[in-house]
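Atoms considered below: every heavy atom in the structure, side chains included; atoms not considered: hydrogens, waters and symmetry mates.
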Amino acid sequence: MPTPQHETVVVDGLALAQDLRKQMAEEIGRLQNAGRRAPCLAVVLVGDDPASASYIKGKRRACTRIGMDSREHDLPGTASEAEILDVVTSLNADDGVDGILVQLPLPKGVDANRVAAAVDPAKDVDGLSPTNAGLLFQDEPGLYACTPLGIMEILDRYEVPLEGAHAVVIGRSQIVGKPVSMLLLRRNATVTLCHSRTRDLAAVCRSADVLVAAAGVPRMVAPDWVRPGAAVIDVGVSEVDGELVGDVDFEGVRGIASLVTPHRRGVGPMTITMLLRNTLDAYRRRTGA
Ligand code: NAD
């Protein structure tokens with residue numbers, strides 16, 4: 001077990017999120033004072049997964065708090081892919097909607113990639129359409145996935161050096177691992193993207209200057225996986241014995257890492273904040289505001 005030797009900064013993702021949301025609320029207030037409508041986010045919920053319902057509730061509340069409109073379209077868990085695509089098509093055509101988010105996971109038998117591809121890229125605030133994924137790949141401006149944007153915002157606000165750093169990402173999903181790897185690469189980090197088949201993951205992690213854990217495996221990142229002085233970003237959220245836990249052994253890593261995000265008040269609030277920012281950006285581009 002490594003000897004604790006670092007003063008570890010614990011990221012306050014909530015404070016950072018509140019700061020950014022305040023700026024957005026002020027901007028929306030200015031737009032409305034100038035006679036413009038508020039930006040609007042439409043969320044589509046298919047089925048009655050309690051976790052999804054709770055995420056959507058949080059997103060809608062966050063919209064309301066900054067003066068953004070939100071609409072919810074609920075479909076039963078039995079909805080077919082064609083029915084979901086119909087809702088997406090009507091939201092694409094609705095001029096009063098700036099952002100569209102289809103809450104994942106979708107029921108079995110529904111192709112999430114096909115649904116993502118149906119969302120108008122100009123309204124794709126989750127950044128999951130092939131167009132936006134391609135723009136990210138090409139280093140062109142676009143709407144990118146929210147959690148990766150939130151992670152980059154945290155790293156920047158806490159002045160974590162990225163140029164030439166070794167960034168190790170655990171997890172290769174479309175929503176976190178792949179896009180955050182692209183964003184880190186864009187900032188000239190040397191990126192290693194790990195997954196469930198990676199050999200000797202602990203050794204790879206030990207060579208990281210920046211470690212992003214997004215596997216959804218409770219407390220997998222043990223203290224001896226972390227190089228003293230590394231910055232550790234915990235994205236994972238799992239339920240263990242009724243309690244939400246992250247992918248990082250937070251208490252164990254404290255004193256070894258230079259910076260760590262807690263699993264509450266860490267990445268989560270920043271993900272929602274980036275959803276709001278993407279919606280505001282989409283609104284600005286669509287309306288010329
Ligand atoms: P996912 O299930 O789509 O992908 C998980 C990835 O982790 C896969 O690429 C898999 O190869 C890898 N993986 C799984 N087990 C592994 C292991 N033992 N070793 C190495 N790699 C392993 O998940 P996701 O949607 O990317 O989400 C990842 C985690 O982040 C989940 O816990 C999710 O709840 C959480 N999450 C949190 C936020 C947030 O805002 N805090 C946002 C999105 C996802």
Side-chain angles (χ1 to χ4, degrees), residues 13 16-17 20-21 24 39-46 52 55-56 58-60 62-63 66 68 70-71 73 84-85 87-89 91-92 97-106 110-156 167 169 171-187 189 191 193 212 214 216 233 235-237 267-286:
L16 188 49
L20 292 167
R21 290 183 202 189
M24 286 189 270
C40 175
L41 171 70
V43 292
V44 181
L45 175 63
V46 187
S52 292
Y55 288 143
I56 285 200
K59 287 166 185 174
R60 294 195 69 193
C63 284
I66 66 161
M68 199 175 262
S70 72
R71 293 192 204 166
H73 296 261
I84 300 169
L85 291 175
V87 172
V88 169
T89 306
L91 293 171
N92 283 344
V97 169
D98 303 292
I100 302 170
L101 178 148
V102 182
Q103 184 66 43
L104 299 176
L106 289 169
V110 176
D111 185 332
N113 279 344
R114 263 204 298 266
V115 173
V119 176
D120 177 351
K123 298 186 179 187
D124 167 34
V125 286
D126 240 356
L128 296 177
S129 70
T131 301
N132 282 312
L135 290 169
L136 172 62
F137 194 81
Q138 293 178 336
D139 287 339
E140 295 289 343
L143 293 167
Y144 305 150
C146 302
T147 303
L149 287 175
I151 294 169
M152 298 308 290
E153 197 72 35
I154 289 172
L155 292 171
D156 282 343
V169 177
R172 58 177 160 185
S173 70
Q174 286 183 42
I175 201 160
V176 188
K178 281 185 201 164
V180 80
S181 299
M182 287 293 143
L183 291 173
L184 289 162
L185 192 58
R186 182 182 291 190
R187 299 290 298 281
V191 181
L193 181 49
V212 178
I233 305 289
V235 183
V237 182
V267 172
M270 288 302 290
T271 295
I272 299 189
T273 304
M274 294 300 109
L275 173 68
L276 300 173
R277 194 166 80 183
N278 274 352
T279 307
L280 186 53
D281 284 350
Y283 165 90
R284 279 202 217 95
R285 280 181 214 152
R286 295 186 60 254

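Contact annotation: the side chain of Ile66 never approaches that of Leu280 to less than 4.5 Å [non-hydrogen atoms, C-beta and beyond]. Under the 4.5 Å side-chain criterion, counting only non-hydrogen atoms from C-beta, Leu155 is in contact with Leu184. Inter-residue side-chain proximity for Arg71 and Cys40 is flagged as met; some heavy-atom pair is nearer than 4.5 Å. Looking only at side-chain heavy atoms (C-beta outward), Gln174 and Asn113 come within less than 4.5 Å of each other. Two residues are said to be in side-chain contact when any heavy atoms from C-beta on lie closer than 4.5 Å; Gln103 and Val43 fail this criterion. Proximity of Leu143 to Lys123: side-chain heavy atoms (C-beta onward) are nowhere separated by under 4.5 Å.
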Taking it one step at a time, do Met274 and Val125 satisfy side-chain contact (heavy atoms from CB on, under 4.5 Å)? CA-CA 9 Å; Met274 294 300 109; Val125 286; over 6 Å; no
Verdict with supporting geometry, Leu45 and Ser52, side-chain contact (heavy atoms from CB on, under 4.5 Å): CA-CA 8 Å; Leu45 175 63; Ser52 292; 3.7 Å; yes
Report the C-alpha separation of Met24 and Thr273 in whole Å, then their side-chain angles, then the decisive distance to 0.1 Å, and conclude whether the side-chain contact (heavy atoms from CB on, under 4.5 Å) test is met. CA-CA 10 Å; Met24 286 189 270; Thr273 304; 3.8 Å; yes
The test is side-chain contact (heavy atoms from CB on, under 4.5 Å); show your working for Leu183 and Leu136 and say whether it passes. CA-CA 8 Å; Leu183 291 173; Leu136 172 62; 3.5 Å; yes
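Here the shortest heavy-atom pairing between Pro269 and Arg21 reads O-NH2, 3.0 Å. Taking every heavy atom of both residues into account, Asn92 and Asp120 meet most closely at OD1-N, 2.9 Å. Among all heavy-atom pairs drawn from Leu149 and Tyr144, the shortest one is CD1-O, 3.4 Å. Residues Pro179 and Ser173 share a closest heavy-atom pair of CD-O, 3.5 Å. Across every non-hydrogen atom of Val119 and Ser129, the tightest pair is O-CB, 4.3 Å. Shown here for Ala214 and Val176, the closest heavy-atom pair between the two residues is CB-CG1, 3.6 Å.
Under the rule for a side-chain contact (heavy atoms from CB on, under 4.5 Å), the partners of Thr271 that lie at least two apart in sequence or sit in another chain are Cys146, Thr147, Val267. The salt bridge (charged side-chain N to carboxylate O under 4.0 Å, His left out) search around Arg285 returns none, not counting sequence neighbours. Take Asp281 and apply the salt bridge (charged side-chain N to carboxylate O under 4.0 Å, His left out) test, not counting sequence neighbours, and it matches Arg284. Under the salt bridge (charged side-chain N to carboxylate O under 4.0 Å, His left out) criterion, Asp126 pairs with no residue at all, not counting sequence neighbours. Applying the salt bridge (charged side-chain N to carboxylate O under 4.0 Å, His left out) test to Arg60 and every residue at least two apart in sequence or in another chain returns Glu72.
No donor-acceptor pair under 3.5 Å is formed between the side chain of Arg286 and the backbone N or O of Gly99. Side chain of Asn132 to main chain of Pro121: a donor-acceptor pair is present (N/O by atom type, distance under 3.5 Å, no hydrogens or angles).
For the side-chain contact (heavy atoms from CB on, under 4.5 Å) with Val46, the qualifying choice from Val87, Leu104, Val110, Leu106 is Leu106, the only one to do so.
Here the CE atom belonging to Met68 is positioned 5.5 Å from the CG atom belonging to Leu276, to the nearest 0.5 angstrom. One finds the CG atom of Leu101 at 6.5 Å from the CD1 atom of Ile56 (value rounded to the nearest 0.5 Å). Taking CE from Met270 and CG from Leu16, the interatomic distance works out to 4.0 Å, rounded to the nearest 0.5 Å. Once rounded to the nearest 0.5 Å, the distance linking CG of Asp98 with CG of Leu91 reads 11.5 Å. Leu20 CG to Ile272 CD1: the interatomic distance, rounded to the nearest 0.5 Å, is 13.5 Å. Taken to the nearest 0.5 Å, the CG atom of Leu41 stands 4.5 Å off from the OG1 atom of Thr279.
Legend: salt bridge (Lys or Arg N to Asp or Glu O under 4.0 Å) pairs involving residues 127-155, not counting sequence neighbours, sorted by first then second residue: Asp139-Arg186, Glu153-Arg157, Glu153-Arg277.
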